[in-house]
2 protein chains.
Amino acid sequence: MAKRTGGGKRNDRLNCPVHFALEIFGDRWTLLVIRDLMFMGKRHFHEFIESPERIASNVLAARLKKLERQGLISRHRDPDNRKQVIYELTEKGLDLLPTLLEVIRWSGKYDPDTAAPRNFLDRAATDRDGLMRDLTAAAKQRKPVVGGRS
Amino acid sequence: MAKRTGGGKRNDRLNCPVHFALEIFGDRWTLLVIRDLMFMGKRHFHEFIESPERIASNVLAARLKKLERQGLISRHRDPDNRKQVIYELTEKGLDLLPTLLEVIRWSGKYDPDTAAPRNFLDRAATDRDGLMRDLTAAAKQRKPVVGGRS
DNA sequence: TAGTATCACTTGCATTATACAAGCGAAAAA
DNA sequence: TTTTTCGCTTGTATAATGCAAGTGATACTA
């Protein structure tokens with residue numbers, strides 16, 4: 001039954017895909033940052049801080065660092081405003097869109113007070129592929145999909 | 001900017017669907033339990049304990065309690081063996097299958113050492129709906145989709 | 001019927017992660 | 001030159017998790 005082989009670090013070589021994913025975004029905050037990048041057009045530290053869930057700045061810093069290390073986001077200085085840093089989704093991060101979509105669909109179905117837009121949910125049900133294409137395009141141009149506030 | 005209104009508990013009424021979902025399964029363990037229920041045909045406490053990620057029994061107990069409270073799983077005594085308890089996915093829990101599928105697809109794509117079966121990933125790409133139908137049926141009969149070990 | 005095993009937990013304690021408030025250094029604006 | 005803005009870091013309190021052991025209910029065994 002997959003006994004721990006030799007040297008015995010924990011978590012070595014399980015390779016279950018669910019476990020792999022959870023190691024990257026299995027916490028309360030990471031997917032919210034990705035949501036902000038993907039749907040809200042945010043890309044500055046202070047913008048994530050302002051999201052209504054109120055992530056603590058040290059936790060945000062840790063998450064951004066980890067996401068960059070894992071290759072889901074890139075980090076560079078804004079050439080137009082050298083004191084700002086720009087965070088952006090990489091292809092690998094962008095590729096979480098289908099996952100986010102399904103999460104949103106599920107919550108939209110089971111949260112009676114969901115803020116998920118009705119037309120979004122309807123289209124997810126009837127035209128998943130088209131919706132995904134549009135959202136991918138929007139995310140690449142950082143067009144917020146949802147109004148100014150989250 | 002959605003200032004805290006009156007009494008000021010945190011987290012009240014944000015209703016973002018991503019946030020809603022994370023409140024339920026935004027941690028390191030919950031989705032592994034759901035994976036075991038959905039793909040491994042597990043339904044007893046000791047079976048979850050034996051999964052290779054080695055969840056602590058107190059954490060497992062807490063997660064099962066929460067999942068039941070949230071209506072994702074049901075709990076009842078095994079009529080054939082009164083000392084055992086049976087946990088099963090409800091419709092609401094089963095409905096996380098598409099989310100899990102996308103998570104697995106993502107990890108399968110980005111983890112070079114993934115244990116996600118190739119035919120599973122291929123079919124997820126070419127015949128998502130059919131795969132989903134089959135997996136839903138299998139999960140309802142608690143047929144493990146993956147060999148004896150996880 | 002007494003003793004043992006199984007199973008689903010609980011309890012206590014150490015370690016780690018997160019929350020919250022404050023501060024800091026570099027860049028830019030005044 | 002001073003003040004602001006911005007992206008963090010630091011310190012400390014609290015909460016979550018990890019680990020080992022124990023408990024009570026059922027059931028199996030001699």
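Convention: sequence-line order gives letters A, B, ...; per-chain numbering from 1.
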N or O in side chain of H44(B) less than 4.0 angstrom from dA8(C) OP1/OP2: yes
Separation of dC9(C) P from L64(B) CG (nearest whole Å): 7 Å
Below 4.0 Å: OP1/OP2 of dT10(C) and any side-chain N or O of K65(B): yes
Step-by-step salt bridge (Lys or Arg N to Asp or Glu O under 4.0 Å) determination, K109(A) to D95(B): CA-CA 10 Å; K109(A) 184 166 173 182; D95(B) 207 5; 2.7 Å; yes
Nearest listed nucleotide, side chain of R63(A), among dA8(C), dT17(D), dT18(C): dT18(C)
d(CD1, I49(B); C1', dA20(D)) in whole Å: 13 Å
Length of the line joining R82(A):CZ and dG7(D):C1', which is rounded to integer Å: 13 Å
Side chain of V85(B) (C-beta onward), nearest among dA8(C), dT5(D), dT6(C): dA8(C)
K66(A) and T30(A) side chains, donor-acceptor separation under 3.5 Å: no
Residue A61(A), side-chain atoms from C-beta onward, closest of dC8(D), dT26(D), dA8(C): dC8(D)
Euclidean distance, atom CD1 of residue I86(A) to atom P of dT5(D) [Å, nearest integer]: 19 Å
Interatomic distance where CZ belongs to R77(A) and P belongs to dC6(D) [whole Å]: 13 Å
Between dT11(C) (P) and N58(B) (CG): distance, integer Å: 11 Å
S57(A) side-chain proximity, nearest of dT9(D), dT10(C), dA27(D): dT9(D)
N/O (side chain, W29(B)) to phosphate O (OP1/OP2, dG18(D)) under 4.0 Å: yes
Residue R77(B) excluded, over 12 heavy atoms near CZ under 6.0 Å: yes
Closest to the Q84(B) side chain, choosing from dC7(C), dG18(D), dT18(C): dC7(C)
OP1 or OP2 of dC9(C) under 4.0 Å from side-chain N/O of R75(B): yes
Distance, rounded to the nearest Å, where I55(B) contributes CD1 and dC19(D) contributes P: 12 Å
Earlier contact from the 5' end, DNA chain C, for N81(A) and D27(A): D27(A)
Ion pair E102(A)/R128(A), N-O distance below 4.0 Å: yes
Aromatic ring proximity W106(B)/F25(A), centre distance under 6.0 Å: yes
Phosphate-side-chain proximity, H46(A) and dT5(D), N/O vs OP1/OP2 below 4.0 Å: no
Interatomic distance where CG belongs to D80(B) and P belongs to dC7(C) [whole Å]: 14 Å
